[in-house]
Amino acid sequence: MVTSKPWGGRFSEPTSELVEQFTQSIDCDYRLYKYDIQGSIAHARMLTHVGILTAQECDSIINGLLSIEQDIENGVFEWSHKLEDVHMNIEAELTKRIGDAGKKLHTGRSRNDQVATDMRLFLRDTVDALVELLHALQTTLLDIADREAGTLLPGLTHLQVAQPVTLGHHIMAWFEMLARDRKRFSEARRRINISPLGSAALAGTSFPIDRSITAKGLGFDAVSENSLDAVSDRDFAIEFCAHAALLAVHLSRIAEELILWSSAQYRFVEIGDAFCTGSSIMPQKKNPDVAELIRGKSGKVIGNLVNMLVLVKAQPLAYNRDNQEDKIPLFSTVETVTECVRVLNAMLPTIKVNRSVMRDATEVGFSTATDLAEYLVGKGVPFRDAHEIVGKTVRFCVDNQLRLDQLSLAQLQGFSPVIEKDVTPVLTVDGSIRARNHVGGTSPEQVKAAIARARNRLVSEDGGPE
Ligand code: ARG
């Protein structure tokens with residue numbers, strides 16, 4: 001053997017340094033060390049149970065691995081590019097520390113089932129942490145929605161004034177997006193939490209292993225059914241990246257609204273100074289950079305999903321080294337969405353709502369025109385005719401620079417004789433809001449009820465940290 005590689009036996013020339021640098025993944029996969037050690041300990045225990053290792057060898061392996069873990073955590077472990085990845089770095093160091101018992105650890109396993117196991121353990125923890133962070137963000141949104149249940153703002157379609165809504169209702173729309181995201185992650189956890197250990201390189205192993213012992217020891221729900229599939233597919237990680245991309249899209253949409261709302265044109269909200277930055281040239285500037293970065297970082301998360309999909313798409317069974325490239329986009333996705341959820345959750349409570357500005361904005365753009373049409377329908381006018389009548393009324397208001405509620409009863413009756421005095425509250429934004437009093441509607445009463453239901457859902461939903 002001319003190299004110190006664990007696989008060096010059949011080689012007669014040393015690896016080119018260029019190749020060493022090119023094939024190493026330690027710069028990135030060292031992050032899996034905790035899971036690699038957990039997996040190795042479970043594997044050693046199983047090998048002992050089936051009589052492949054002695055109890056003494058097992059103890060020595062476990063102690064060696066724990067001392068390595070300690071050194072990694074204290075930042076004194078030396079990672080080597082020559083040893084390619086986290087698995088070989090730890091195994092080589094184990095043998096250095098405990099001798100021959102270390103060399104027996106890899107019995108009945110391969111780096112192929114080892115890395116698949118590490119990734120699943122890593123993602124399981126990640127999902128649990130993310131679900132908890134989303135839960136915290138949803139709680140923050142609920143508290144703001146509760147506070148702003150009666151605050152009015154113009155609801156928009158096509159970014160044009162459509163109908164008045166309550167800010168509580170708007171915030172609860174954000175809540176619902178995140179509720180689905182959280183649920184998606186919880187559901188993905190079931191498919192992540194399957195043990196590939198024992199699949200070995202691709203075909204299983206001739207050793208009398210007991211896969212249920214390692215699965216149980218690592219907290220997996222079941223063992224994988226097919227060794228070829230278990231070492232090669234990364235759909236569990238792709239699924240995570242897909243859910244993360246959707247989450248990032250939702251966060252980006254929320255961020256976009258905060259950016260618009262904090263502009264001088266809207267002045268609906270003011271983001272706390274601690275969450276804005278200034279300009280190096282324009283002294284007056286206070287920019288919503290945090291929200292902009294949340295919006296911008298969604299590009300990376302979406303790109304990472306595409307990266308993962310393309311990585312896997314043309315791979316024949318079983319394991320191919322291409323799979324090593326899954327870690328870069330996966331870790332990037334985990335870091336980015338975690339950071340974005342955290343920072344948004346911290347920023348939201350600093351936001352001051354300019355209620356009067358929001359309310360004033362509902363008075364322009366004829367936001368109660370639909371209410372007038374619905375009023376006419378109530379008086380027996382077919383909806384299409386009502387739409388036409390109100391269209392003409394709005395045209396008249398535009399030409400004369402009037403709001404709908406500034407028209408006299410006589411003027412209104414000029415457009416339709418069925419209009420009576422009871423039209424007055426219909427044309428006000430408060431009347432419009434109160435009228436939308438059904439489940440899923442925007443009236444303050446309904447928003448309060450939705451918040452109450454949402455609080456219960458946060459306590460009872462599957463996959464929550466409760
Ligand atoms: N570092 C590799 C990865 O992340 C581990 C598996 C390598 N297996 C192999 N046969 N070269 O995929």
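Indexing begins at 1, ligand by ligand and atom by atom, following the structure's order.
Among Glu73, His87, Glu69, the one residue that satisfies the side chain to side chain donor-acceptor pair (under 3.5 Å) test with Tyr33 is Glu73.
Aromatic ring centroids of Tyr30 and Phe77 lie 6.0 Å or more apart.
Sorted by first and then second residue, the pairs that involve residues 52-62 and meet salt bridge (charged side-chain N to carboxylate O under 4.0 Å, His left out), not counting sequence neighbours, are Glu57-Lys104. Here salt bridge (charged side-chain N to carboxylate O under 4.0 Å, His left out) pairs that include residues 242-254, with residues two or more places apart or in two chains, number zero.
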Please tabulate, for side-chain N and O atoms in residues 445-452, each donor-acceptor pair with protein atoms closer than 3.5 Å (sequence neighbours left out).
| from | atom 1 | to | atom 2 | distance (Å) |
| --- | --- | --- | --- | --- |
| Gln446 | NE2 | Asn437 | OD1 | 3.0 |
| Lys448 | NZ | Asp146 | O | 3.3 |
| Lys448 | NZ | Asp146 | OD1 | 2.9 |

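For ligand 1, the protein residues within 4.0 angstrom (heavy atoms only) are Ser25, Asp85, His87, Arg111, Asn112, Val115, Tyr319, Arg321, Gln324, Lys327.
The side-chain heavy atoms of His81 and Glu17, taken from C-beta on, include no pair separated by under 4.5 Å.
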